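The block underneath contains the structure these notes are about, expressed in structure tokens.
Please read all numbers here as calculations on a predicted model, not as lab measurements. Protein chains get the first letters and strands the later ones, always in sequence-line order, with residue 1 at the start of each.
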Number of protein chains: 2
Amino acid sequence: MRQPAIPRKTLHNELVTLLRKMIMDGELVPGSRIPESRLCDLFGVSRTPLREALKVLSVEGLVCLLPNKGARVVHVTRKEMEEIVPVLGILASLAGELACANFKADELARIREMHTQLVEHYRSGNQQSYSEINRVIHDSIFEAAGNKALSDIYNMLQMRLRSIFFVTPKVPPQWADAVADHEAMMTALEDRDGARFAGIARRHLRHKADMVRIALDTLETRADAKDGHVGASAS
Amino acid sequence: MRQPAIPRKTLHNELVTLLRKMIMDGELVPGSRIPESRLCDLFGVSRTPLREALKVLSVEGLVCLLPNKGARVVHVTRKEMEEIVPVLGILASLAGELACANFKADELARIREMHTQLVEHYRSGNQQSYSEINRVIHDSIFEAAGNKALSDIYNMLQMRLRSIFFVTPKVPPQWADAVADHEAMMTALEDRDGARFAGIARRHLRHKADMVRIALDTLETRADAKDGHVGASAS
DNA sequence: AGGTGCTTTGCTGTCAGACACAAAGACTTT
DNA sequence: AAAGTCTTTGTGTCTGACAGCAAAGCACCT
């Protein structure tokens, strides 16, 4: 198995990584404008690589580029969320099917182990750790599926929603449902029952959508008055 | 329904469109290097917007950008094809489900009409027209599904395979199967039976993969000797 | 003769400065 | 106060420049 090409560094790639992280971590507020000049100052870089990085992020859907008006951090609307979630669901279900068909015993063992930790984090109410390991489990399943195109797309879409999922709190009843789903998916995986896994995965994502929907509703009504005014001011 | 934002023209966007077309039409040979200088000459453009266009195409997966080594037209490997096709299949099946749930009567009528034309083109053996209308039908179904994220991704993946599908001839027996699949999908659509549609769609794509696989096999064995030597020479 | 290391050459990655033009804001006029 | 004009800011593109990597060619050593 040859090493998948040492990731050579170029400035624009580095910038893509940095900006992506900043957006997903909420450091750059969704909807806010990001003038090239400010970013150039911030990173101490010229416009050339920066603009290239923005182009990339724009294709990835993290940034919105309006001609002559510059770049904004994408503000995912409710409608877009409603569109993306089913796609994530179907992709996850495919990943599950493929994983069921392909995984090796040790992969399954590792996943089961992580799942145990997941449940522990749920029991102790540690949202942070829960989300983290949840993510790792997902990644592992996609890895077991062995389909790079699939996981690339899944990751891309998930990144877009990251900022929303970020502000979605885990309320007890739904959280319990989510954990139950995970448990069911685990057993489906262990039975190599791809179809069952797929069904649960899609339902799971539907539940997730419900939660996000509620979170968005409260956010939207709260921000009803001061509409449109988002953005960080410079020093 | 507001017009989806008049597409403002910028040079790099224009370049993206042009290059994309050139790649998909096979004008730029897969695997061949494309030095910036040559493209600058070709389009009479400076490096700045051209490089930005290449970055976009690179994210879309049509071009492969190696640091310090420049851009190549992506050469989709057999493995990648095997990965992408199931994803296309599952996306199409989701599109079908959503379309079944959402389409209006007149949309269905239009699709049915196009399907009739499709069958005619099959009968008269007109591959060109067949492929074209086949594409339009797909687009219509995705439109009826009303999920932009879904169709965007589907289109992106399809573009990558375009160059391969391009060289895949339609041989009679499989072609007949394909038409039968289409007919079955039409009736599923008319019955608003999303699940049935989904099943057929995935099987349909599997068949398509079989055809491409055969086409690739013949190509690969034929190109076995003169390995690696692809690329257009300058004037 | 074959492999090893150096030089050359071409192209990429990044920078800096420039300017036209669009957009947004400030100001003036009626 | 509304409408039009001016100013300012920032983007889109061009030009020219240069360091640094890569591939190819060449000399050298064993």
Problem - B/S/- contact track for nucleotides 7-13 of chain D, protein heavy atom under 4.0 Å - result: ----SBB
Practice task
Any pair with a residue in residues 150-167 of chain B that passes salt bridge (charged side-chain N to carboxylate O under 4.0 Å, His left out), sequence neighbours left out, goes on the list, sorted by first then second residue, please.
Solution key: B/Lys148-B/Asp152
Practice task
Using the test side-chain hydrogen bond (donor to acceptor under 3.5 Å, both in side chains), find all partners of A/His75 that sit at least two apart in sequence or belong to another chain.
Solution key: none
Practice task
Just jot down the side-chain hydrogen bond (donor to acceptor under 3.5 Å, both in side chains) partners of A/Ser37, sequence neighbours excluded, or say none.
Solution key: none
Fill in the blank from the handout: Residues at least two apart in sequence or cross-chain that pass side chain to side chain contact (heavy atoms under 4.5 Å, CB included) with A/Leu205, listed by chain then number, are A/Val85, A/Leu88
Fill in the blank from the handout: Residues at least two apart in sequence or cross-chain that pass side chain to side chain contact (heavy atoms under 4.5 Å, CB included) with B/Gln127, listed by chain then number, are B/Lys170, B/Trp175
Fill in the blank from the handout: Contact span of DNA chain C against chain B, any nucleotide atom under 4.0 Å from a heavy atom, 5' to 3', runs C/dT12 to C/dA23
For residues 53-70 of chain B, dump all side-chain donor-acceptor pairs below 3.5 Å to protein atoms at least two apart in sequence or in another chain.
| unit_1 | atom_1 | unit_2 | atom_2 | d |
| --- | --- | --- | --- | --- |
| B/Lys55 | NZ | A/His12 | NE2 | 3.4 |
| B/Glu60 | OE1 | B/Arg20 | NH1 | 2.9 |
| B/Glu60 | OE2 | B/Arg20 | NH1 | 2.5 |

Show every donor-acceptor pair shorter than 3.5 Å between a side-chain atom in residues 132-141 of chain B and any protein atom, with sequence neighbours excluded, or say none if there are none.
| unit_1 | atom_1 | unit_2 | atom_2 | d |
| --- | --- | --- | --- | --- |
| B/His138 | ND1 | B/Tyr154 | OH | 3.2 |
| B/Ser140 | OG | B/Val136 | O | 2.9 |

